[in-house]
Each structure stands twice: as C-alpha cells, then as structure tokens.
There are 2 protein chains.
Amino acid sequence: MEDGTVERARPRDRILETAQDMFHKHGIKGVGIDAITEAAGTNKMTLYRHFDSKDDLIIQCLRATACKAGAMWEKFEIEHPGDKLAQLHAWVRMAADCLTADGRGCDMANAAIELSETDHPARRVIKELKEAQRDRLVTLCRDAGIGQAELLADTLSLLLEGARVSVQSVGTEGPSAQFVRMAEGLIVSFRGTAAG
Amino acid sequence: MEDGTVERARPRDRILETAQDMFHKHGIKGVGIDAITEAAGTNKMTLYRHFDSKDDLIIQCLRATACKAGAMWEKFEIEHPGDKLAQLHAWVRMAADCLTADGRGCDMANAAIELSETDHPARRVIKELKEAQRDRLVTLCRDAGIGQAELLADTLSLLLEGARVSVQSVGTEGPSAQFVRMAEGLIVSFRGTAAG
DNA sequence: CTAGGGTGTTACCGGTCTGTAACGTCACGA
DNA sequence: TCGTGACGTTACAGACCGGTAACACCCTAG
C-alpha cells in the first residue's frame with residue numbers, strides 16, 4: 001500500500017499536486033510560492049529547480065488539470081461503450097456533480113479572469129485547452145446524431161461555464177440549480193429538430 | 001462645457017470612477033492603491049479619507065457598477081414602453097453588445113472569483129446585487145407573458161454569464177459568438193410552450 | 001569508498017502591497 | 001481676520017512577493 005499518497009511522491013509531483021489544489025481553492029494571485037512549497041512539504045529552491053518561474057508552474061498546473069478532466073471522457077466511453085447519447089447524458093451528470101460538489105469554478109476560466117494581461121503566457125495555453133474541450137463536446141454531440149451539433153455543444157458549454165461562475169457569486173441555490181433541467185431540455189429539443 | 005469630465009469632479013468621485021475602470025480592466029488583485037490614486041490624479045491619503053480600506057473601495061465600486069447596469073433597465077422601459085417582450089429582446093441585444101465590445105467579463109462575477117475567501121465582505125454584496133439582477137430578469141420574463149419565467153431567466157442568466165467568461169478564455173470567436181442565436185431561440189421556444 | 005545529483009536550509013535581494021503619521025497648503029465662510 | 005476642513009506631500013511601517021546564492025546533507029550508483 002502506498003501510504004500518504006502525497007508524502008511518498010517525489011518533490012516535483014508533490015509541488016504540482018499541491019499547487020493545483022491551492023490555485024484552485026484560493027486563486028492564482030491568492031497563493032504565493034512560499035505557501036505552496038510549505039504545503040507540499042518542500043522548499044522554494046526545490047520548486048525553482050523544477051519550474052522556471054511561477055508562470056511556468058501555473059501553466060504546468062493547468063495542463064495537469066486539463067489532463068485529469070480529459071480522463072473523464074475515457075470514463076464515459078468505458079461506462080457507455082458506443083452509446084454516444086448516453087455519454088452525453090453522463091457528461092451532463094458529471095457537470096452537475098461538479099457544480100454541487102466543488103464551489104469553485106473551472107481552473108482555466110478562473111485563471112483567464114485573474115491573469116488579465118493579454119500577453120500572459122498562460123493565456124494561449126488556456127485557449128488551446130478550452131478549444132480542445134469544445135471540440136470534444138462537439139464531436140460527442142455529432143456522434144450522438146444531433147443535427148446542429150456545434151450549436152448544442154456551444155450552448156451546453158456556455159451553460160456550464162455560466163453555472164460554475166454563478167455558483168461562486170450566488171451559491172448553489174441560484175440559477176445553476178436548474179442546470180440539469182436546462183441541459184436535458186436542450187438535448188431533447190435538439191434531438192427533435194434534426195436527425196443524424 | 002465641463003472640460004476633462006474627470007478632472008473637474010471631486011476627488012472621491014474621481015477615485016471611484018478610476019477604481020471601477022482599473023478593477024474592471026486589470027482585476028482587483030491586479031491593481032494597487034497607489035496605481036489608482038495616481039491615475040485618479042490624487043493621492044493615497046485622500047483615498048483613505050473617503051474609504052475605510054481597499055475592501056471598502058471594492059464594495060463601493062461594485063455598488064456603483066451595479067447602479068450603472070441598473071440604468072439599462074430604465075432605458076429599456078423608455079425605448080419600448082409597456083412592450084415587455086421587446087424589452088427582453090433589447091436585453092439580449094445589450095448583452096451581445098457587451099460581449100463583443102468589452103472583452104472583460106462581469107465585474108461582480110470576476111470579483112467573486114478573485115476574492116475566494118468565503119468571508120470576504122464583498123461577497124455578500126455580490127450575492128445581493130446578483131440576486132437583484134436575477135429578480136429583475138425574472139420579472140421581465142414573467143411580464144412578457146412567458147410561462148416558465150424563472151427557468152427562462154435563469155437559463156439566459158447562465159448563458160450570458162458563461163459567454164462573458166468564455167470571451168476571456170477563448171475570445172469572441174468561441175461559443176459566445178452564438179449567444180444571440182441561443183437566446184432568441186430560447187425565447188421563441190419558451191413562448192411556444194406556455195402562455196401568460 | 002567515493003563521486004555526484006537531488007534535496008533541504010538559511011539568508012538575502014529588490015520590489016510591491018496596504019495602511020498610517022506628520023506636516024503643509026489652499027480656499028472659503030463667518 | 002481667523003479658523004476650519006478638504007486636499008496634497010513625504011516618509012515610513014510591516015508584511016508579503018518572486019526569485020537567487022551559498023552551503024550542508026543524504027542516498028545511491030559506480
């Protein structure tokens with residue numbers, strides 16, 4: 001049995017894991033290098049031996065987070081092999097769980113808001129990762145036999161993005177509470193208007 | 001003729017105006033007191049004579065911004081007196097303009113993301129103002145004769161919130177480009193399923 | 001045993017942050 | 001004329017920030 005899960009990992013991995021968690025909870029500008037290294041049970045020098053700068057660490061964290069999120073898609077395929085429509089509904093359920101469980105929104109969206117400098121190196125990474133996510137959802141909608149796949153995917157994207165923000169400003173009892181109903185209604189509506 | 005528009009105003013008003021603008025552009029944690037006072041053509045002491053702290057300034061800025069946004073509703077009523085459905089479409093148009101023109105999202109949502117401390121004094125103000133905005137949109141939908149007014153209002157809210165975030169991560173060519181089509185489609189759909 | 005790489009420790013740099021103290025200035029009104 | 005209040009200026013406190021230098025340590029491979 002691996003014990004501590006974090007304690008036994010190598011410093012670089014511990015830093016990456018801890019930084020992801022702390023950036024997520026407190027925001028990028030809300031947490032400093034010292035706090036990260038201390039929480040990761042290491043020190044500043046070791047961090048700077050593995051990452052060029054805080055910006056570099058931010059980017060690596062975003063990539064790691066996106067990678068974890070990407071694993072969800074594989075889970076959908078495993079749980080509903082071949083059934084793309086079921087996978088789409090699984091996506092809705094996963095999104096809804098994310099809303100109620102998390103409280104803090106999407107790391108990439110939050111980072112985009114915090115890092116307002118238009119030339120910040122993390123911004124192109126954010127854009128790239130977000131576009132990849134969108135492409136996956138569009139593909140899923142299309143494979144599920146939905147006519148206006150792009151429009152449905154974009155609508156669902158915006159709804160989720162908005163819900164994750166809304167949770168942070170008015171809580172889970174606000175508009176985001178209706179997310180599942182909205183999403184399911186949209187899927188039904190789009191399936192009605194067009195066929196594959 | 002009033003010249004400078006900003007130069008002639010009293011220090012407190014200049015500070016409030018400048019802070020709103022700078023918070024909006026660079027984020028709350030991205031701009032310091034010194035930068036604000038310098039841009040407002042005044043100094044730190046004067047700021048602290050008018051505002052208890054930076055947090056106080058943040059709250060006053062949020063209130064002022066919400067007040068400006070509230071003026072939009074009166075504009076809708078003036079431009080389409082009595083015609084609630086036209087006002088709803090005007091809201092959609094206004095929202096779309098906001099997306100393409102602005103580039104930075106909603107100040108309150110951005111602040112909620114930046115100020116992750118759950119007990120931050122600005123958070124209850126944000127919640128209060130956002131709930132007021134939602135109530136107004138619900139009322140408008142209901143008065144426009146839409147059956148499930150709450151659900152439509154919440155859906156439109158999430159769509160706009162999501163679009164304003166999406167613009168910041170992937171730009172105006174992303175999913176937010178379809179905002180008007182989505183919103184108008186929803187209004188049509190909701191008008192079809194129920195009557196006043 | 002030894003060499004070397006990954007790691008930890010301490011101290012430090014220069015900068016920025018919020019917030020305050022002390023003092024000077026200027027206009028206006030009684 | 002006097003005084004009162006709003007405003008400006010300078011300097012500073014104390015904390016935190018990202019990032020670096022120098023050095024000691026320990027484990028492992030050869």
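As the structure is a prediction and not an experimental result, all values here were calculated from the model. Every chain is numbered from 1, with letters handed out A, B, ... down the list of sequences.
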Open item on the list: Any side-chain N or O of B/T46 below 4.0 angstrom from OP1/OP2 of D/dG8?
Closed with: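 For D/dG8, OP1/OP2 do have a side-chain N/O of B/T46 under 4.0 Å.
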Open item on the list: Would you say A/S53 places a side-chain N or O within less than 4.0 Å of OP1 or OP2 belonging to D/dG18?
Closed with: no
Under 4.5 Å between side-chain heavy atoms, chaining through other members, with only Ile, Leu, Val, Met, Phe, Trp and Tyr counted: pull out the rest of the cluster around [X], sorted by chain and number.
X: A/I78; answer: none
X: B/L129; answer: B/I15, B/L16, B/M22, B/F23, B/I28, B/V31, B/I33, B/I36, B/L47, B/Y48, B/F51, B/L57, B/I58, B/I59, B/L62, B/M108, B/L115, B/V125, B/I126
X: A/V138; answer: none

Once salt bridge (Lys or Arg N to Asp or Glu O under 4.0 Å) is applied, do any residues pair with [X], and if so which ones, sequence neighbours excluded?
X: A/D21; result: A/K25
X: A/E184; result: none
X: B/D34; result: B/K44

Task: Within residues 113-126 of chain B or reaching into it, pairs that qualify as side chain to side chain donor-acceptor pair (under 3.5 Å) - sequence neighbours excluded - done: B/D55-B/H120
TODO: Specify the closest pair of heavy atoms between A/R164 and A/C98, including all atoms of both residues, with the distance to one decimal.
DONE: NH2-SG, 3.5 Å
Open item on the list: I need the residues from residues 19-35 of chain B with at least one non-hydrogen atom less than 4.0 Å from DNA chain C; give them sorted by number, or say none.
Closed with: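 Those residues are B/V31, B/G32, B/I33, B/D34.
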Task: DNA chain C contacts made by residues 110-123 of chain A, counting heavy atoms under 4.0 Å - done: none
TODO: Answer yes or no: side-chain N or O of B/R49 and base N or O of D/dG8 forming a donor-acceptor pair under 3.5 Å.
DONE: yes
Open item on the list: Whether the B/E161 and A/S166 side chains hold a donor-acceptor pair (N or O, under 3.5 Å, no angle test) is what I'd like checked.
Closed with: no
Task: side chain to side chain donor-acceptor pair (under 3.5 Å) partners of A/D56, counting only residues at least two apart - done: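 With neighbours one apart ignored, the set is A/Q60.
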Open item on the list: What does the B/S/- profile of nucleotides 10-16 of chain D look like, 5' to 3', with a 4.0 Å heavy-atom cutoff to protein?
Closed with: -------
- [ ] State whether B/R136 and B/E74 are salt-bridged, where the test is any N-O pair (Lys NZ or Arg NE/NH1/NH2 against Asp/Glu carboxylate O) under 4.0 Å.
- [x] no
- [ ] Decide, yes or no, whether a salt bridge links B/R63 with B/E128 under the criterion of side-chain N to carboxylate O below 4.0 Å.
- [x] yes
- [ ] Decide whether B/V180 and B/V170 are clustered together by the hydrophobic rule: side chain heavy atoms of Ile, Leu, Val, Met, Phe, Trp, Tyr closer than 4.5 Å, transitively.
- [x]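 No, separate clusters.
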TODO: Extract, from 5' to 3' on DNA chain C, the first and final nucleotides lying under 4.0 angstrom from some heavy atom of chain B.
DONE: C/dT18 to C/dA22
Task: Protein-nucleotide distance (A/L47, atom CG; D/dG18, atom C1'), rounded to Å - done: 11 Å
Task: B/R10 CZ - D/dG8 P separation (whole Å) - done: 11 Å
